[in-house]
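Given the structure is predicted, the values throughout are model-derived calculations rather than measurements. Every chain is numbered from 1 and lettered A, B, ... according to where its sequence line falls, protein lines coming before strand lines.
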Amino acid sequence: MLFNLRPPNNPVDLDLELTMESGQPPHFLWDHACGRHTRIINGEKAEIWMEKGRLRFTEGFGDYARELLRLDDDLDAICSKISTDRTMECAVESCAGLRITKNDPWETLVCFVCSINNNIPRIRKMVRSLMVDGEVMPPEDMAAKDLSGLKLGYRDKFLKGCAEKVIGYEFEKIGLMDYGEAWKELQTFPGVGPKVADCVLLFGFGFLEAFPVDVWVLKSMKRLYGAKNERDARGKAALMWGEYAGYAQQYLFQSERSGCLIPKG
DNA sequence: ATCCAGGGTCTTA
DNA sequence: TAAGACCATGGA
């Protein structure tokens, strides 16, 4: 099976490698070898790869791939809207085909609790230590299991706390709230502050207006737009990029890390 | 040895 | 509301 991307056969519409390896949940949850991305979904092996400029995936995972890669997002239109100045134009150009991914909320929460004051390679190691049979262990198992010995640092108690809170809690209801309400609600979870909440809302619940401010994005927002602090960065992002601030954030994050972000023009 | 990493919590002023 | 100590771990 394959998808015709919009516009059809336009390779700029999806850079699968970049998207899957850009510090989003798939970077932590999927295996990656020989240009193929693999993991277990609902007990079955799923595989995604590019072939002759077209997206391919294991039979039966078409709907999953479409949701994961947000193939219904009009990337051209979104990139136009966030290209508010020369700097953002360059960021968008240098990361052509980078898409926001939509992941399972619980797995996303686990990923970004592990991300606290941490680096991407070690986040991946931690998340994988919390996976059983290819999937992040469900809240019930995480609440019951002894996490000491997994080298999670002080994050083990946060993960335990989140697992216990999610049990008997309609986690999906957060996706039905408006952004502001959902942002505040998520921060009642142990280990979830403003940044982790925005990551879970963006990558787990699909709120494209969420703007996670980590050290890289904060550095960009200070240098490029004179942001004074984290809160100020969020405010400026909301004003400049509004409903697509999440996409702007991912292009900023990727560009800042790869060092291809020009000062400002 | 010191700094840093997709930060949060808690205390203090 | 804002700043600072503290938190575990491993790589640079």
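Salt bridge status for Arg54(A) with Glu51(A): absent, with no side-chain N to carboxylate O gap under 4.0 Å. Between Glu230(A) and Arg234(A), at least one side-chain nitrogen of the basic residue sits less than 4.0 Å from a carboxylate oxygen of the acidic one, meeting the salt-bridge criterion.
Separating the NZ atom of Lys157(A) from the C1' atom of dG8(B) is a distance of 9 Å, rounded to the nearest angstrom. Between the NZ atom of Lys228(A) and the C1' atom of dT1(C) there is a distance of 12 Å, given to the nearest Å. The interatomic distance linking Phe253(A) (CZ) with dA5(B) (C1') rounds to 10 Å, in whole Å. Distance CD1 (Ile116(A)) to P (dC10(B)): 12 Å, rounded to an integer number of Å. In this structure, CZ of Arg234(A) is placed 13 Å from P of dG7(B), rounded to the nearest angstrom. Nucleotide dA5(B) holds its C1' atom 6 Å from the CG atom of Asn117(A), rounded to whole Å. Here dG10(C) presents its C1' atom at 17 Å from CZ of Arg124(A), a figure rounded to the nearest Å. dT9(C) atom C1' lies 8 Å from atom CG of Asn118(A), rounded to whole Å.
Closest to the Lys125(A) side chain, of the nucleotides dA8(C), dG11(C), dG8(B), is dG11(C). The Lys151(A) side chain lies nearest to dT9(C) when the options are dT9(C), dA8(C), dG7(B). Checking dA5(B), dC7(C), dG8(B) against the side-chain heavy atoms of Val215(A) singles out dA5(B) as nearest. For Asn119(A), the side-chain atoms get nearest to dA5(B) when compared with the rest of dA5(B), dT9(B), dA8(C). Among dG7(B), dA2(C), dA5(B), the nucleotide with an atom closest to any side-chain atom of Arg231(A) is dA2(C).
Contacts of Gly23(A) with the nucleic acid, taken as non-hydrogen atoms under 4.0 Å apart, include base atoms. Within 4.0 Å (heavy atoms only), Arg155(A) reaches at least one base atom of the nucleic acid. Across all strands shown, Pro194(A) has heavy atoms under 4.0 Å from sugar-phosphate atoms exclusively, and none from any base. Here Phe28(A) lies out of heavy-atom contact (under 4.0 Å) with every strand. Looking at heavy-atom distances under 4.0 Å, Ser148(A) makes no contact with the nucleic acid at all. Val213(A) comes within 4.0 angstrom of no nucleic acid atom, judged by non-hydrogen atoms across all strands. Nucleic acid contact class of Gln250(A) (heavy atoms, under 4.0 Å, all strands): base.
Atom P of dC3(B) sits at a distance of 16 Å from the matching atom of dG4(C), rounded to the whole Å. Comparing dT11(B) with dA8(C), their P atoms are spaced 15 Å from each other, to the whole Å.
Ring geometry for Tyr225(A) against Trp241(A) counts as perpendicular: the plane angle is over 60°, on a 0 to 90° scale with 30° as the lower cut.
Counting non-hydrogen atoms of other residues, nucleotides and ligands closer than 6.0 Å to CZ of Arg128(A) gives a total above 12.
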Is there a ring-ring contact (aromatic ring centres under 6.0 Å, His included) between Phe57(A) and Tyr64(A) once you walk through the steps? CA-CA 10 Å; Phe57(A) 47 85; Tyr64(A) 187 90; over 10 Å; no
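Nearest-nucleotide positions on DNA chain B place Phe203(A) closer to the 5' end than the other of Phe203(A) and Gln187(A).
Residues Lys195(A) and Asp214(A) have side chains in contact (heavy-atom distance under 4.5 Å, counting atoms from C-beta outward).
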